[in-house]
Amino acid sequence: MFGIEEHKALGYKINRVVTSIDLRNQSNTTKTIVEDFNFNKRGERININGSDGRFEPWANDIPGGYLRWVFSGFFVLSVQVLVPIQGQELVPITD
């Protein structure tokens, strides 16, 4: 599996949807919060062609993870999962 997201690093707005569930009263509320994009500096620091990037592996020892960086004013998020090929080591399904 491979996914990619790209958008402006500055001046970009994110719509975050928050749903609260009240089991006692059997009700729920949903609201949308608009906030400025901020680069998340969590994860291992990686140099990507001179740009500061971050890598966060998947949980539970699953090969692959999230790689994100800012390049030329754009935020880039790459999501990658490594898959086993019978008789070989894990290899990425993308370059």
Side-chain angles (χ1 to χ4, degrees):
M1 176 181 84
F2 178 77
I4 193 161
E5 174 186 333
E6 181 179 0
H7 58 72
K8 290 181 181 178
L10 299 174
Y12 186 78
K13 301 283 186 187
I14 294 175
N15 293 324
R16 184 168 50 99
V17 178
V18 177
T19 301
S20 300
I21 300 172
D22 185 342
L23 296 176
R24 184 173 296 149
N25 295 319
Q26 296 181 350
S27 66
N28 65 59
T29 56
T30 300
K31 61 182 175 179
T32 301
I33 301 169
V34 179
E35 54 193 22
D36 291 325
F37 168 77
N38 288 311
F39 182 75
N40 183 339
K41 294 191 176 185
R42 187 176 60 221
E44 179 184 350
R45 189 174 183 181
I46 304 285
N47 182 327
I48 302 170
N49 295 328
S51 296
D52 184 31
R54 301 292 172 154
F55 176 76
E56 282 188 85
W58 295 110
N60 300 325
D61 297 321
I62 297 171
Y66 294 97
L67 179 61
R68 60 190 178 284
W69 68 98
V70 174
F71 180 74
S72 295
F74 284 89
F75 168 78
V76 181
L77 170 68
S78 172
V79 180
Q80 185 175 20
V81 175
L82 303 177
V83 295
I85 296 177
Q86 189 172 3
Q88 297 182 10
E89 294 183 28
L90 291 174
V91 295
I93 61 170
T94 60
D95 291 331

Legend entry - Sub-6.0 Å ring centroid separation between Phe75 and Tyr12: no

Inset, instruction - Find out whether His7 and Phe74 are in side-chain contact, i.e. whether some heavy atom of one side chain is under 4.5 Å from a heavy atom of the other. - result: no

Legend entry - Lys31 side chain reached by Thr29 side chain, heavy atoms, under 4.5 Å: no

Return yes when atom [atom1] of [X] has more than 12 non-hydrogen atoms of other residues, nucleotides or ligands closer than 6.0 Å, and no otherwise.
X	atom1	result
Asn47	CG	yes
Phe71	CZ	no
Gln26	CD	no

Euclidean distance, [Y] [atom2] relative to [X] [atom1], rounded to 0.5 Å:
X	Y	atom1	atom2	value
Lys41	Arg54	NZ	CZ	6.5 Å
Leu67	Ser78	CG	OG	5.5 Å
Phe55	Ile46	CZ	CD1	7.5 Å

Under a 4.5 Å side-chain heavy-atom rule over Ile, Leu, Val, Met, Phe, Trp and Tyr, are [X] and [Y] clustered together?
X	Y	value
Val76	Leu10	no
Phe37	Val79	yes
Ile14	Leu77	yes

Inset, instruction - Compare every heavy atom of Ala9 with every heavy atom of Val70, then report the nearest pair and how far apart it is. - result: CG1-CB, 3.7 Å

Inset, instruction - Anything under 30° is parallel, anything over 60° is perpendicular, the rest tilted; go ahead and classify Trp58 against Tyr66. - result: tilted

Legend entry - Single hit among Glu56, Glu6, Glu44 for salt bridge (Lys or Arg N to Asp or Glu O under 4.0 Å) with Arg68: Glu56

